[in-house]
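What follows is a single structure, written as structure tokens, with notes after it.
Owing to the predicted nature of the structure, the values given are computational and were not obtained by experimental measurement.
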Amino acid sequence: MASVPSLASSVNQRVADALASALPEAGAADPMLRRSDRADFQANGILALAKKAKANPRELAATVVQSLPTGDVIREIEVSGPGFLNITLTDRAITGTLAARAADDRLGVSLAANPGTTVIDYAQPNVAKEMHVGHLRSAVIGAAMVEILEFTGEKVVRRHHIGDWGTQFGMLIQYLLEHPHELDHRSGDEVSGEEAMSNLNRLYKASRALFDSDEEFKTRARARVVDLQAGEPETLALWQRFVDESKIYFYSVFDKLDMDIQDADVVGESGYNDMLVETCKLLEESGVAVRSNGALCVFFDDVKGPDGNPTPLIVQKSDGGFGYAATDLSAIRDRVGRLDATTLIYVVDARQSLHFKMVFETARRAGWLSDGVEAVQLAFGTVLGKDGKPFKTREGETVRLVDLLDEAVERATAVVREKAEKVGLTEAEITENGRYVGIGAVKYADLSTSAARDYKFDLDQMVSLNGDTSVYLQYAYARIKSILRRAGERVPAAHPELELAPAERALGLHLDHFGELVHEAAAEHAPHKVAAYLYQLSSLFTTFYDQCPVVKPEPELVVGENRLFLCDLTARTLSKGMSLLGIRTPEKL
């Protein structure tokens, strides 16, 4: 593996050295380098430095230019405006750097200098309840962040904090004990995910109806919760059946989403039961939490209710029961203390932001989140319908996730089938590609939007071949693979001695930016930046292909070889970038 410094970092270092040489008394200076329409890069840092040193910015710029060597990396530098530097690179430097990237399996992308351990909490469905569209964002955003962080060298521990504890289980277990004939006695291998959820749904509705109408049953159900918390064997065994049946369903949905969920990573609320009493004891003894009307509470100066009174985080209720806060705080203790986490990421709905703000602050006060540990809620917005309102069925019900995914695959398969004959796809390939395109469309629509923003779920737009969609990117990749097949499937060579056309330069500079972009997305927990990069890469490739003949370049074959090289590196970069988002790239579409 060979890490390849980007051209931007090389130029940045050269300009920084020239600035330090021109004004040694000013110390280290930021060249403020960025991509430019007027040249390859523009350095804007001279203005700030001149102001600080009370110097003339244009004169300082001229001095900097004189000390900047040209010829190998930099072709020319022009001073413009009040002191901007417009920097153009040599064609040889661009092609040479890309050749170094192409020679490496990781495309020359460096590993993080000081990788840590990130525990990422995402894809958190509830036992005995159907997954709906609201579960989509946590799963898709979380899975992308796992891939991005692992690619940069971070050790990532996945955690699926499923809702597998609480009062509803007393209701369900008590109902089953009183109606044992309603239990499905087939083994897990014989039951599909849909059947498992259908069975659980039926039991949940029947037990809820009885709970709401029969006070004596309600009392027995509440007593059953106490048995569950105490670990009574028969109660625990039935609870485990509910969890196991739900997992059959969860895994079938995650399989549709083309996501790999391992059993060892599923640590639900129940996984922290044994820590709850100690968590409360530690908080109370340290004075971080206090008793208020019998409940154990943590108060904050800046969190007040509508009446102006402080709104506390309730860790333990007055009846002795534990709230979500006790479980979340115990999870932090476990993740930092046992798993050695340096970063905690929670991919959770933005509506829970206050809860997590209070939980993180409580953990800091208790010393469980030290200065060396970062805790972040990667908060996401709401999925909206085409009308801009929260996404519901016509009957006003929450949209089932499986229905939505099935429809996406159905629509995508129709799109794939339209072009299938032209590219020679078999029926099996149409089915497989339909799934990859449909699921990719759903994931990309989510990931191409900043997580914090709401987004509209519009399947017509998602499976469109035009615009900022995953299908557009997948077709760009398949198109390149088709070009490479026509050229004979050989690995093309780069030719640094050639002069580059403008479209080749633009594509090459963007390809060189991939590594920096991935590290930026990892640091900012922003998978949408990867999506934006890939869309721009596909657009630049389209322009390049339109303007620069690849298969039959006139008059030189070596020009075609170099353009095939650019095609190949674009395809590899697209494929790697899409895989970081959890999206497949079919070879033929």
Side-chain angles (χ1 to χ4, degrees), residues 1-10 35 40 73 89-110 151 472-519 521 530-551 553 556-581 583-587 589:
M1 188 202 82
S3 172
V4 179
S6 71
L7 290 163
S9 64
S10 299
R35 288 280 283 119
D40 293 331
V73 174
L89 308 188
T90 64
D91 294 331
R92 180 174 289 277
I94 295 172
T95 307
T97 299
L98 296 181
R101 293 202 178 284
D104 178 49
D105 287 341
R106 289 176 50 84
L107 303 174
V109 179
S110 65
F151 185 59
Y472 175 67
L473 307 187
Q474 287 168 322
Y475 266 104
Y477 175 80
R479 184 187 197 183
I480 298 171
K481 296 304 282 187
S482 171
I483 294 165
L484 294 170
R485 281 193 297 273
R486 290 208 309 274
E489 291 283 14
R490 58 203 162 85
V491 178
H495 288 274
E497 73 279 7
L498 290 176
E499 189 176 322
L500 296 174
E504 292 173 308
R505 292 178 67 82
L507 178 61
L509 287 167
H510 194 66
L511 285 167
D512 186 51
H513 181 53
F514 180 61
E516 288 176 329
L517 180 281
V518 171
H519 279 284
V530 176
Y533 171 89
L534 295 172
Y535 176 61
Q536 192 179 355
L537 178 60
S538 297
S539 301
L540 287 168
F541 176 79
T542 300
T543 303
F544 154 77
Y545 190 67
D546 288 346
Q547 295 180 7
C548 304
V550 174
V551 181
E556 295 180 75
L557 285 175
V558 74
V559 173
E561 180 81 4
N562 204 53
R563 288 174 183 172
L564 276 174
F565 162 76
L566 285 172
C567 288
D568 184 60
L569 186 56
T570 300
R572 287 174 59 193
T573 306
L574 267 175
S575 183
K576 171 46 74 179
M578 294 285 268
S579 76
L580 296 180
L581 301 181
I583 299 172
R584 306 260 186 171
T585 42
E587 302 278 307
L589 259 185

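- Rounded to the nearest 0.5 Å, atoms CG (Leu107) and CG (Leu511) are 9.0 Å apart.
- The ring pair (Phe, Tyr, Trp, His ring centres under 6.0 Å) analysis of residues 486-509, with sequence neighbours excluded, yields no pairs.
- With respect to Pro492, the side-chain contact (heavy atoms from CB on, under 4.5 Å) criterion is satisfied by exactly one of Val550, Leu564, Asn562: Leu564.
- Scored by the ring pair (Phe, Tyr, Trp, His ring centres under 6.0 Å) test, His510 finds Tyr533 as partners (sequence neighbours excluded).
- Ser9 meets the side chain to side chain donor-acceptor pair (under 3.5 Å) test with Ser6; sequence neighbours excluded.
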Could you go through residues 92-99 and list every donor-acceptor pair under 3.5 Å that involves a side-chain atom there, pairing it with any protein atom two or more places apart or in another chain?
unit_1: Thr95; atom_1: OG1; unit_2: Asp91; atom_2: O; d: 3.3
unit_1: Thr97; atom_1: OG1; unit_2: Ala93; atom_2: O; d: 2.8

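- For the residue pair Ser110 and His519, the shortest heavy atom distance occurs at O-NE2, 2.7 Å.
- Applying the salt bridge (charged side-chain N to carboxylate O under 4.0 Å, His left out) rule to Lys576 yields no partners; only residues at least two apart in sequence or on another chain are considered.
- Distance check: Phe541 CZ to Leu574 CG gives 9.0 Å after rounding to the nearest 0.5 Å.
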Chi angles and distances behind the side chain to side chain contact (heavy atoms under 4.5 Å, CB included) call for Leu473, Ile583: CA-CA 10 Å; Leu473 307 187; Ile583 299 172; over 6 Å; no
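- How far CG of Leu507 is from OG of Ser539: 11.0 Å, rounded to the nearest 0.5 Å.
- The salt bridge (charged side-chain N to carboxylate O under 4.0 Å, His left out) check on Asp40 picks up Arg505, with sequence neighbours excluded.
- The CG atom of Leu7 sits 9.0 Å away from the CD atom of Glu516 when rounded to the nearest 0.5 Å.
- Minimum interatomic distance between Cys567 and Leu484 (heavy atoms only, all atoms of both residues): CB-CD2, 4.5 Å.
- When the side chain to side chain contact (heavy atoms under 4.5 Å, CB included) test is applied to Asp546, the partners found at least two apart in sequence or on another chain are Arg479, Thr542.
- Glu587 is linked by a salt bridge (charged side-chain N to carboxylate O under 4.0 Å, His left out) to Lys481, counting only residues two or more places apart in sequence or in another chain.
- A side-chain donor-acceptor contact under 3.5 Å links Arg572 to the backbone of Ala102.
- For Ala501, the side chain to side chain contact (heavy atoms under 4.5 Å, CB included) criterion is met by Glu504, Cys548, not counting sequence neighbours.
- Scanning both residues, Val530 and Gly577, for their nearest heavy atoms gives CG1-O, 3.9 Å.
- In this view, Ala100 and Val4 satisfy the side chain to side chain contact (heavy atoms under 4.5 Å, CB included) rule, not counting sequence neighbours.
- Every residue meeting the side chain to side chain donor-acceptor pair (under 3.5 Å) condition with Asp512, not counting sequence neighbours, appears here in chain and number order: Arg101.
- Atoms CD1 and OG1, on Ile480 and Thr573 in that order, are 9.0 Å from each other to the nearest 0.5 Å.
- A donor-acceptor pair under 3.5 Å is absent between the side-chain atoms of Arg563 and the main chain of Tyr545, judged by distance alone.
- No donor-acceptor distance shorter than 3.5 angstrom exists from the side chain of His513 to the backbone of Ala8, with no hydrogens or angles considered.
- Of the inter-residue distances, the one linking Leu580 atom CG with Phe151 atom CZ reads 6.0 Å to the nearest 0.5 angstrom.
- The side chain to side chain contact (heavy atoms under 4.5 Å, CB included) check on Thr585 picks up Tyr477, Ser575, Met578, with sequence neighbours excluded.
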